Amino acid sequence: MNPVKPLLPRVIKVLPLENYQLLLQFQDESIKRFDVRPYLDYPAFKRLTAAGLFSKAHVQHGTVVWDEMLDLAPETLYLLGVPETSFDF
């Protein structure tokens, strides 16, 4: 039996950057930049403006998480992320 594969690649690396930007590497080796600023108006994501929380972004279960209550869907990151030519994580 073949394991079920996700429809879109999962996040394998994340680097939080200035101005609420995330640099992401996906399973398919693509690298994308994702701007979190438009999400900061939503109550759940407003917490990312608290001192130091945004910089704690890490990969868990194929997506970006900050804590047990806050994450972004990998589909959102992949589909709305802007391709980068290269970056050395």
Side-chain angles (χ1 to χ4, degrees):
M1 181 188 299
N2 292 333
V4 176
K5 293 182 182 179
L7 296 177
L8 294 170
R10 293 176 167 260
V11 178
I12 59 171
K13 291 182 184 178
V14 62
L15 180 63
L17 304 173
E18 293 180 358
N19 297 318
Y20 300 100
Q21 305 282 309
L22 296 173
L23 194 62
L24 307 156
Q25 184 175 10
F26 292 86
Q27 280 178 322
D28 66 356
E29 299 183 14
S30 63
I31 297 172
K32 297 190 178 195
R33 181 181 298 260
F34 186 83
D35 186 356
V36 180
R37 289 177 296 181
Y39 295 82
L40 297 177
D41 291 332
Y42 295 99
F45 291 98
K46 193 175 253 354
R47 295 187 307 123
L48 292 176
T49 62
L53 184 58
F54 185 77
S55 65
K56 294 181 181 180
H58 61 281
V59 176
Q60 188 174 2
H61 305 293
T63 195
V64 175
V65 300
W66 285 270
D67 60 26
E68 65 279 348
M69 301 284 292
L70 189 57
D71 62 26
L72 279 164
E75 298 84 3
T76 299
L77 297 169
Y78 190 82
L79 294 173
L80 300 180
V82 177
E84 292 280 325
T85 53
S86 67
F87 190 86
D88 186 17
F89 282 85

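Computed from a prediction, not measured in an experiment: that's the story for all the values here. We're numbering straight along the sequence, starting at 1. The basis for the numbers below is simple: all heavy atoms, side chains too, and nothing from hydrogens, waters or symmetry mates.
- For residues 40-65, every residue pair satisfying the side-chain hydrogen bond (donor to acceptor under 3.5 Å, both in side chains) rule, not counting sequence neighbours, is listed here: R47-D67.
- Residue pairs satisfying the side-chain hydrogen bond (donor to acceptor under 3.5 Å, both in side chains) criterion with at least one member in residues 14-25, sequence neighbours excluded, are listed as follows: Q21-D35.
- Residues meeting the side chain to side chain donor-acceptor pair (under 3.5 Å) test with Y78, sequence neighbours left out: D28.
- In terms of heavy-atom proximity, A57 sits nearest to W66 at CB-NE1, 3.3 Å.
- If you run side-chain contact (heavy atoms from CB on, under 4.5 Å) between L24 and each of I31, V64, I12, only V64 comes through.
- The shortest side-chain heavy-atom distance between F45 and L72 falls under the 4.5 Å cut-off.
- Evaluation of the side chain to side chain donor-acceptor pair (under 3.5 Å) rule for E75 yields no partner, not counting sequence neighbours.
- Going from atom CG of L22 over to atom CG of L15 covers 8.5 Å, rounded to the nearest 0.5 Å.
- Put simply, CG on L17 and CZ on F34 are 13.0 Å apart, with the number rounded to the nearest 0.5 Å.
- V14 and V65 are members of different hydrophobic clusters when ILVMFWY side chains are connected at heavy-atom separations under 4.5 Å.
- Between Y39 and L48 the shortest side-chain heavy-atom distance does not fall below 4.5 Å.
- L77 and L79 fall within the same hydrophobic cluster, defined by Ile, Leu, Val, Met, Phe, Trp and Tyr side-chain heavy atoms under 4.5 Å apart, directly or through other members.
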